[in-house]
> 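The structure follows.
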Amino acid sequence: MPSAPRRRSMRCRDPAMSVHAIASLFASPADRIGQEVTIQGWVRTRRDSKAGISFVAIHDGSCFEPIQVVVPSSLPNYQSDVMRLTAGCAVAATGTLVQSQGKGQSVEVQVTSLQVFGFVADPDTYPIQPKQHSFEYLREQAHLRIRTNTFGAVARVRHCLAMAIHRFFHERGFYWVHTPIITGADTEGAGQMFRVSTLDFLKVPRTPDGKVDFSQDFFGRETHLTVSGQLNVETWCMALSKVYTFGPTFRAENSNTTRHLAEFWMIEPEIAFADLAQDADLAEALLKYMFTALLNERADDMKFFAERVDKECITRLQKFVEAKFERITYTEAIALLEQAVAKGEKFEYAPKWGIDMQSEHERYLTEKVFGRPVAVINYPKDIKAFYMRQNDDGRTVAAMDILAPGIGEIVGGSQREERLDMLDKRLEEMKLEKEAYWWYRDLRRYGTVPHAGFGLGFERAIVYATGLQNIRDVIPFPRTPKHCDF
RNA sequence: UCCUCGAUAGCUCAGUCGGUAGAGCAGCUGACUGUUAAUCAGCGGGUCGCAGGUUCAAGUCCUGCUCGAGGAGCCA
């Protein structure tokens with residue numbers, strides 16, 4: 001598009017005239033009734049009255065509700081522009097904010113001028129129509145789905161929760177640590193990793209014994225995308241005392257479920273001079289802070305989710321922030337499950353001490369037994385990671401999973417093994433190379449302290465809060481096996 | 001990766017016993033109206049996912065493939 005005039009030049013706005021977020025007009029209408037306002041946004045619907053006016057609903061993302069603007073047919077561009085408006089058109093409208101004469105909205109704008117920035121090229125095939133679309137379909141239109149009620153609400157909820165997380169930690173003296181995305185450690189242990197390489201796949205350099213010669217790769221060694229910032233953030237914890245990460249994480253697992261993404265965001269706090277109980281306290285306080293903020297700040301969006309997505313989502317969060325988390329040991333959890341079996345509960349896999357709990361077990365505990373979040377602590381050491389602190393019983397480690405109804409594991413954490421001899425013993429038992437963990441081991445040699453932390457899956461928290469069924473619908477552009485569009 | 005289900009108009013779906021393609025919404029035209037996912041009338045819109053097979057005849061039955069969804073495992 002070489003010499004076409006840029007759409008922006010159409011605006012010719014009086015610089016003194018400020019643009020109003022639609023949210024601000026709904027928030028304090030009394031201050032603005034009778035005043036001239038300008039809004040900019042996208043058309044949801046247009047309804048015409050041959051009495052000489054059109055009603056156009058406009059949204060700008062600032063809040064859930066679109067605002068209704070009333071356009072008189074006396075405008076010079078009424079036939080040429082206004083009558084051509086369809087869902088998705090981008091407009092600016094200026095007029096007087098008035099109490100609505102109709103039902104269904106409190107205020108509206110009596111328009112004196114309306115400008116179109118961009119029409120919708122093919123209204124009959126515009127993918128986002130004013131009707132319910134399936135989530136599957138909208139995933140294929142991820143660049144446009146954000147214009148719908150649902151995804152606009154998800155976006156605001158996501159932002160609200162992210163801000164609440166930062167606020168929570170900041171208020172408590174935590175530092176946000178930007179741990180690396182690319183890692184040279186093949187030591188993180190949390191499953192399959194994505195390789196990072198600039199090697200030419202058609203001419204891969206080889207070592208004499210036939211292996212890939214990563215010394216010729218960009219970093220001079222084999223590198224991957226991180227699966228966790230934990231090991232890195234522990235280093236900063238050992239100087240700053242209270243730290244957290246909040247960033248993207250990558251897992252190359254072939255997981256095809258409503259709870260997994262190949263690229264997701266995770267929050268990983270780490271606290272020095274702390275044990276597992278303090279770790280669980282922190283997780284509980286964080287989650288309650290997040291959901292309290294959500295209920296207070298995004299009542300409009302949550303109301304929508306309660307009406308259209310999950311009736312229980314608001315009451316569930318209210319209960320969540322009021323109730324004390326249940327806290328039980330793994331051993332007690334297994335006992336409860338075994339009792340359930342004795343009473344006739346059917347599980348596909350029999351619960352037994354020493355096994356990792358299945359989804360069905362976790363769901364039973366959190367949904368049937370308690371009906372609220374449960375922190376399960378002290379797991380058998382054989383099913384947990386090398387860095388978790390061994391308990392005195394010799395068979396369990398100070399690990400913690402927080403299980404939530406409807407979603408399962410939302411938090412996984414542990415007290416870390418701070419004793420070098422114990423850590424080395426675990427590395428040997430699990431046949432891991434001590435040398436590869438030299439810097440992690442150094443932390444135990446130089447001023448070691450008890451410390452603990454956990455990982456909170458950000459998208460899982462959003463799924464839990466909104467009641468949406470699929471994690472792919474709470475991240476802008478989901479990456480899952482065989483899916484990396486946009 | 002395994003199991004189950006699905007794919008028909010731009011979207012959401014129906015399509016009976018195998019008999020040759022339907023509705024609502026959206027779009028367009030008109031009527032009507034301070035309208036509220038407006039209403040009413042009309043119009044246009046289809047390689048029934050792809051490739052084979054059975055049959056006089058396949059959207060429908062069979063086989064393979066592709067894609068999607070849900071569940072399981074792995075995990076946050």
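Letters A, B, ... are given to chains in the order of the sequence lines, protein chains preceding strands, and every chain is numbered from 1.
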> Measure from CG on A:Leu85 to C1' on B:rU35 and round the result to the nearest Å.
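Taking CG of A:Leu85 and C1' of B:rU35, I get 15 Å after rounding.
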> Verify whether the ring centers belonging to A:Tyr464 and A:Phe320 lie closer than 6.0 Å.
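Yes - the distance between ring centres of A:Tyr464 and A:Phe320 falls below the 6.0 Å cut-off.
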> From CD of A:Glu136 over to C1' of B:rG70, roughly how many Å is that when rounded to an integer?
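To the nearest whole Å, that distance equals 9 Å.
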> With a 3.5 Å cut-off and sequence neighbours excluded, list the donor-acceptor pairs that the side chains of residues 70-77 of chain A form with protein atoms.
residue: A:Ser73; atom: OG; partner: A:Gly52; partner atom: O; Å: 3.2
residue: A:Asn77; atom: ND2; partner: A:Asp81; partner atom: OD2; Å: 3.1
residue: A:Asn77; atom: ND2; partner: A:Leu114; partner atom: O; Å: 2.8

> A:Leu261 side chain: which of B:rC74, B:rG70, B:rA76 is closest?
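Nearest nucleotide to the side chain: B:rA76.
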> Quick one: sort the A:Trp176 and A:His166 rings into parallel, tilted or perpendicular, breaks at 30° and 60°.
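The arrangement is tilted - the two ring planes meet at 30° to 60°.
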> Less than 4.0 angstrom between a side-chain N/O of A:Arg44 and OP1 or OP2 of B:rU36, yes or no?
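For A:Arg44, the contact criterion (side-chain N or O under 4.0 Å from OP1 or OP2 of B:rU36) is not met.
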> Rounded to whole angstrom, note down the P distance from B:rC48 over to B:rG22.
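After rounding to an integer number of Å, I get 14 Å for this pair.
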> When you check the gap from the basic side-chain N to the acidic O, do A:Arg416 and A:Asp279 get nearer than 4.0 Å?
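Salt bridge absent between A:Arg416 and A:Asp279.
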> Provide, to the nearest angstrom, the distance between the CD1 atom belonging to A:Ile128 and the P atom belonging to B:rU12.
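The answer, rounded to whole Å, is 11 Å.
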> Flag the pair A:Phe386 / A:Tyr437 as yes when their ring centroid distance falls below 6.0 Å, and as no otherwise.
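Ring centres of A:Tyr437 and A:Phe386 closer than 6.0 Å.
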> Checking side-chain polar atoms at under 3.5 Å, does A:Gln105 have a donor or acceptor matched by the opposite partner on A:Ser100?
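Yes, A:Ser100 and A:Gln105 have a side-chain donor paired with an acceptor closer than 3.5 Å.
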> Is there a side-chain polar atom (N or O) of A:Arg139 under 4.0 Å from OP1 or OP2 of B:rC67?
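Checking A:Arg139 against B:rC67: no side-chain N or O falls below 4.0 Å of OP1 or OP2.
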> Less than 3.5 Å apart, which donor and acceptor atoms pair up between the side chains of residues 154-163 of chain A and the rest of the protein, not counting sequence neighbours?
residue: A:Arg156; atom: NE; partner: A:Asp301; partner atom: OD1; Å: 3.2
residue: A:Arg156; atom: NE; partner: A:Asp301; partner atom: OD2; Å: 3.0
residue: A:Arg156; atom: NH1; partner: A:Gly61; partner atom: O; Å: 3.0
residue: A:Arg156; atom: NH1; partner: A:Cys63; partner atom: O; Å: 3.4
residue: A:Arg156; atom: NH2; partner: A:Asp301; partner atom: OD1; Å: 3.0
residue: A:Arg158; atom: NH1; partner: A:Glu459; partner atom: OE2; Å: 3.0
residue: A:Arg158; atom: NH1; partner: A:Val474; partner atom: O; Å: 2.8
residue: A:Arg158; atom: NH2; partner: A:Glu459; partner atom: OE2; Å: 3.0

> Strictly under 3.5 Å: I want the nitrogen or oxygen pairs between protein and nucleotides 1-3 of chain B, one per line.
residue: B:rU1; atom: OP1; partner: A:Asn254; partner atom: ND2; Å: 3.3
residue: B:rU1; atom: O4; partner: A:Asn254; partner atom: O; Å: 3.4
residue: B:rU1; atom: O4; partner: A:Asn256; partner atom: ND2; Å: 2.7

> Please determine whether a side-chain nitrogen of the Lys or Arg among A:Asp275 and A:Arg389 lies less than 4.0 Å from a carboxylate oxygen of the Asp or Glu.
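Judged by the 4.0 Å cut-off on N to carboxylate O distance, A:Asp275 and A:Arg389 do not form a salt bridge.
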> Does A:Asp473 pair with A:Arg145 as a salt bridge, N-O distance under 4.0 Å?
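Yes, this pair counts.
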> For the pair made of CZ in A:Arg84 and P in B:rU29, what is the distance, rounded to whole Å?
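One finds 11 Å between P of B:rU29 and CZ of A:Arg84, rounded.
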> Do NZ/NE/NH1/NH2 and the carboxylate oxygens of A:Glu222 and A:Arg195 come within less than 4.0 Å?
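Salt bridge present between A:Glu222 and A:Arg195.
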> Between B:rG18 and B:rU60, how far apart are the two P atoms, rounded to whole Å?
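Each nucleotide's P atom is 12 Å from the other's.
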> To the side chain of A:Arg47, which of B:rU12, B:rC75, B:rU35 is closest?
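Shortest atom-to-atom distance from the side chain points to B:rU35.
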> Looking at A:Glu284 and A:Arg327, does any basic side-chain N land under 4.0 Å from a carboxylate oxygen?
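A salt bridge links A:Glu284 with A:Arg327.
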> Can a cation-pi geometry be assigned to A:Arg172 and A:Phe168, taking NZ or CZ under 6.0 Å from the six-membered ring centre and within 45° of the ring axis?
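A:Arg172 over A:Phe168 ring: yes.
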> Between A:Arg251 and B:rC75, is there a side-chain N or O to OP1/OP2 distance below 4.0 Å?
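No, A:Arg251 has no side-chain N/O under 4.0 Å of OP1/OP2 on B:rC75.
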> Looking only at heavy atoms, which two atoms of A:Gln99 and A:Ile33 are closest? And how far apart?
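For A:Gln99 versus A:Ile33, the nearest heavy atoms are N-CD1, 3.7 Å.
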> For nucleotides 41-46 of chain B, tabulate all protein N/O to nucleotide N/O atom pairs closer than 3.5 Å, reporting atom names and distance.
none

> Once you measure the plane-to-plane angle for A:Phe246 and A:Trp265, does it fall in the parallel (<30°), tilted (30-60°) or perpendicular (>60°) bin?
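If you compare the ring of A:Phe246 with that of A:Trp265, the planes turn out perpendicular.
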> Which range-with-range stems can be found for RNA chain B when each stem has 3 or more Watson-Crick or G-U pairs in a row and both distances sit under 3.5 Å?
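RNA chain B stems, ordered by first number: B:1-7 with B:66-72, B:10-13 with B:22-25, B:27-31 with B:39-43, B:49-53 with B:61-65.
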> Can you check nucleotides 32-34 of chain B for protein contacts, nitrogen or oxygen pairs under 3.5 Å, and list what you find?
residue: B:rC32; atom: N4; partner: A:Lys50; partner atom: NZ; Å: 3.2
residue: B:rU33; atom: N3; partner: A:Asp48; partner atom: O; Å: 2.8
residue: B:rU33; atom: O4; partner: A:Asp48; partner atom: O; Å: 3.0
residue: B:rU33; atom: O4; partner: A:Lys50; partner atom: N; Å: 2.6
residue: B:rG34; atom: N7; partner: A:Gln101; partner atom: OE1; Å: 3.4
residue: B:rG34; atom: O6; partner: A:Gln101; partner atom: OE1; Å: 3.3
residue: B:rG34; atom: O6; partner: A:Gln101; partner atom: NE2; Å: 3.0
residue: B:rG34; atom: O6; partner: A:Gln110; partner atom: NE2; Å: 2.7
residue: B:rG34; atom: N1; partner: A:Glu108; partner atom: OE2; Å: 2.5
residue: B:rG34; atom: N2; partner: A:Gln68; partner atom: NE2; Å: 3.2
residue: B:rG34; atom: N2; partner: A:Glu108; partner atom: OE1; Å: 2.4
residue: B:rG34; atom: N2; partner: A:Glu108; partner atom: OE2; Å: 2.9

> By nearest nucleotide on RNA chain B, pick out whichever of A:Leu456 and A:Ser359 is the more 5' one.
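Looking at the nearest nucleotide for each, A:Ser359 comes out on the 5' side.
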> Send over the distance from A:Ile383 CD1 to B:rG73 P, rounded to a whole Å.
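Result: 14 Å.
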> Kindly confirm whether the side-chain ring of A:Phe264 is stacked on the base of B:rA76, judged by centres under 5.5 Å and planes under 30°.
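A:Phe264 ring centre within cut-off of B:rA76 base, planes near parallel; stacks.
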> Whole-Å distance between B:rU12 P and A:Glu140 CD?
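Result: 9 Å.
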> Is a donor-acceptor pair below 3.5 Å formed from side chain A:His133 to base B:rC11, judging by atom type as modelled?
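Absent.
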> Which of parallel (below 30°), tilted (30 to 60°) and perpendicular (above 60°) describes A:Phe250 and A:Phe194?
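Geometry flag for A:Phe194 against A:Phe250: perpendicular rings.
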> Heavy atoms from C-beta onward define the side chain here; which of B:rA72, B:rA76, B:rA38 lies closest to that of A:Gln358?
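Selected nucleotide (nearest to the side chain): B:rA72.
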> Roughly, in whole Å, what's the span from CG in A:Asp122 to C1' in B:rC28?
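My rounded result for the distance is 13 Å.
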> Can you tell me which nucleotide in B:rC11, B:rC74, B:rA76 comes closest to the side chain of A:Ile471?
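Closest of the options to the side chain of A:Ile471: B:rA76.
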> Roughly how many Å apart are B:rG59 and B:rU55, using the C1' atom of each and rounding to a whole number?
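So the two C1' atoms sit 16 Å from each other.
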> Just call it for A:Arg363: base, sugar-phosphate, or nothing, with non-hydrogen atoms closer than 4.0 Å on any strand.
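Counting heavy atoms under 4.0 Å across all strands, the contact made by A:Arg363 is with sugar-phosphate only.
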> Roughly how many Å is it from CZ in A:Phe64 to C1' in B:rA37, rounded to a whole number?
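Rounding to the nearest Å, CZ of A:Phe64 and C1' of B:rA37 are 12 Å apart.
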> Is A:Glu429 salt-bridged to A:Arg426, cutoff N-O under 4.0 Å?
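Yes, charged N to carboxylate O under 4.0 Å.
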